[in-house]
2 protein chains.
Amino acid sequence: MPATIRDVARESGVHISTVSRTFSAPHLVNAETRSRVLACAEHLGYRPNRAARALITGRTHNIGLIVADIANPFFPPLIKAAESQARQRDYHIFVTDTNEDASVEEDLVRALAKQVDGVLLCSPRMSNSLIEQLSREVPLVVVNRQLTGLPTVVMDVAQGARLAIDHLNGLGHRRIALVAGPRGSWTSREIRRSAMSAARAGDADLTVIGPNQPTEDGGMAVAEQIVRAGVTAVLAYNDLMAIGLIEGLTAQGQRVPEDVSVVGIDDIALSRLTRPKLTTVATPTAAAGRAAVDMLLAHGDDRRTTAQITLQTELVIRDSTGPGPGPHSHADPGGVVATALGDVASYAKE
Amino acid sequence: MPATIRDVARESGVHISTVSRTFSAPHLVNAETRSRVLACAEHLGYRPNRAARALITGRTHNIGLIVADIANPFFPPLIKAAESQARQRDYHIFVTDTNEDASVEEDLVRALAKQVDGVLLCSPRMSNSLIEQLSREVPLVVVNRQLTGLPTVVMDVAQGARLAIDHLNGLGHRRIALVAGPRGSWTSREIRRSAMSAARAGDADLTVIGPNQPTEDGGMAVAEQIVRAGVTAVLAYNDLMAIGLIEGLTAQGQRVPEDVSVVGIDDIALSRLTRPKLTTVATPTAAAGRAAVDMLLAHGDDRRTTAQITLQTELVIRDSTGPGPGPHSHADPGGVVATALGDVASYAKE
DNA sequence: GTGAAAGCGCTAACAC
DNA sequence: GTGTTAGCGCTTTCAC
């Protein structure tokens, strides 16, 4: 049987409220009393019961984190960073996985709502209006989706997509495909919009293929369409799809980058390990995880500042892109860091 | 303000205890009353407060999951499977990361102890005696470590290591290196023990290198030692290290598998995507996650059956292993499934 | 089958 | 600075 506040009170000869204060408002307790209480608590192995505390304060010191797919390598660095940031502030994180299914997101948020102080919604597939509705039931921070009136953390994928298209264009590619992400993904829409306009500006054709599952298989599945489309370069929604696509293209007898150049997005750890090494747009996922936790916890202090932060992305040129058939402009934006909005200094990539 | 049991009682004209029963013991409530209460609850958006429930029942319906490194690709499939299995049984999972640091594991277990019904300790680096001590404070299921008297889920890595060494031996390799894992890892010791005996049985030399960080960098770092050791084949503690090692060997001008064969362990998703594709020992991580959750939740029913389950592993032969200088025996165990102990049928790999 | 009452472990006014 | 008191939302005896 674990020790309660009453055991500590008895042993240290004070009232339970003094014990309570020792833990929740130490400055209100005489230093001497405090150390005696602390000693007894230590000795009894006492730990405040968070459920009891939550019942009365209304704060659970728990955070919910909902991701589309834990096993998608994009998420673990985000989860890890969020967990670490939360723990540092004495919060614990419930991690849940929606299996890329928009319809379970709502249930998950509601199921979590009662036992957390807020929910980090990462890459939600549900509608904006539903998100807004849920935000009235539990504090929400939305990651990977822009939404007015709510605190959000997004990567500047528009800038990233532009850098990628410009890079391909600079290499002489004029017929480019965009392999889109899943339905309901804000990021995918954003990439599409930005890639379109960048392609137009560069006098290139952009063929959009999708929506698709944002997985390796999803990428592999479109290889044939890519070949049929007759493009010489591809921008994929994420690295996993890019890698699957390269796999698929290879199976179709296409060489990357000699026949087709491929660019991914995210710069997951994996992208440095495949052959050819993937050219990709790096997104600061760990920073996003930390920022999201900070925003959620700051939220309580001042309800009116619903900050929206945009984290910068950058193009990482590796081996999956090469010269295309068109004229090369050597204004190659390789390695150039995208401009970003908002206060990102403290969330620099590790 | 969220609806409480009292709101529902008022609206449906019954006493709060009837509402309580409707949710926690529905069979004790008149069918008609029940449906009326349910309707009101639905209408008010009532959800039982778990903290309040936990306070009185002592069961939180939460589980803690402690892993060495969320971002290590070995863990996400395990986390995902555990989370899914738990949620299906109406449990939520706190995920925490120790950063491969044995000293934080203890704190983490204790911090979690009060707000969970049990903890899944995955790949613990702490001592056996400390694990036993903690198991007296909170129900524990230990994954990736054998420990008498506690419920455990392990992969049969001994069998896996034997298959790997036999495979290399069959290919004619007689000078083999084992790249060990981190200090404190039961799995690493197990692999070592088994690889040693398999090598001896096959008249091969086994050089052990380590301990090492179980990461890509850790693998890359030993490439030079491998070359100096003059071995023709390597078994690595895990795929990540194997991949890093291949990277490092390539940088040293060695070809894989022509000059050196490399075998990994785990069969993470990544191992199919690198070039050469990795020969490896597949461990059923998702099954382990499910099994661990089941064992923890079953634990309550019958305290005396501290089951220990061992999940079978199998060798997956891909492209990172090839013929060595010695005589080939064509008794190649490729694809053969290892024998396993315990009841594993219901945890078959997905 | 339902109501009444007690209390899980803790915090938050409010006295003193 | 510390004790007293009244619950937080719920489950669980025990009556009826």
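Every chain is numbered from 1, with letters handed out A, B, ... down the list of sequences. Below, all heavy atoms of this structure are taken into account, side chains as well, without hydrogens, waters or symmetry copies.
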To the nearest Å, how far apart are B/Arg59 CZ and C/dC8 C1'?
16 Å

Nearest to the side chain of B/His15 - C/dC10, C/dA5, D/dT5?
C/dA5

Euclidean distance, atom CZ of residue B/Arg10 to atom P of C/dG3 [Å, nearest integer]
15 Å

Ionic contact status for A/Glu32 with A/Arg36, cut-off 4.0 Å
no

Taking any heavy-atom pair under 4.0 Å as a contact, classify A/Phe23: base, sugar-phosphate, or nothing.
nothing

Rounded to the nearest Å, what distance is computed from the CZ atom of residue B/Arg50 to the C1' atom of nucleotide D/dC8?
18 Å

If you look at every strand shown and take non-hydrogen atoms under 4.0 Å, does B/Ser20 touch a base, only sugar-phosphate, or nothing?
base

Proximity to the side chain of B/Asn30 - top-ranked nucleotide from D/dT2, C/dT11, C/dT2:
C/dT2

Between B/Arg110 and B/Glu137, is the closest basic N to carboxylate O distance under 4.0 Å?
yes

Whole angstrom value for the distance that separates P of C/dG7 from CG of A/Asn49:
18 Å

Is A/Thr33 close enough to D/dT2 that one of its side-chain N or O atoms is under 4.0 Å from OP1 or OP2 there?
yes

Base, sugar-phosphate alone, or nothing: which one does A/Ser17 contact when heavy atoms must sit under 4.0 Å apart?
base

Ionic contact status for B/Glu132 with B/Arg136, cut-off 4.0 Å:
no

Student check: side-chain heavy atoms of B/Asn49 and A/Leu55 closer than 4.5 Å:
yes

Checking D/dT4, C/dA5, D/dC10 against the side chain of A/Arg21 (C-beta onward), the nearest is D/dT4

Using a 4.0 Å heavy-atom cut-off, does B/Val19 contact any base of the nucleic acid, only the sugar-phosphate backbone, or nothing at all?
nothing

How many Å lie between CG on B/Asp7 and C1' on D/dC10, as a whole number?
13 Å

Nearest-nucleotide comparison on DNA chain C, the residue closer to the 5′ end among B/Ile16 and B/Leu55:
B/Ile16

Of the candidates D/dC10, C/dG9, D/dG7, the side chain of A/Ile56 sits closest to D/dG7

Which of D/dG3, C/dC10, D/dT11 is nearest the side chain of B/Ser24? It is D/dT11

What is the distance, to the nearest angstrom, from the NZ atom on A/Lys114 to the C1' atom on D/dC8?
14 Å

Taken to the nearest whole Å, CZ/A/Arg36 to P/D/dG1 is 15 Å

Minimum-distance pair of heavy atoms, taken over all atoms of B/Ala287 and B/Leu311
C-CD1, 4.0 Å

To the nearest Å, how far apart are A/His27 NE2 and C/dA12 P?
11 Å

Considering only heavy side-chain atoms of B/Arg6, the closest of D/dG9, D/dT2, C/dG3 is D/dG9

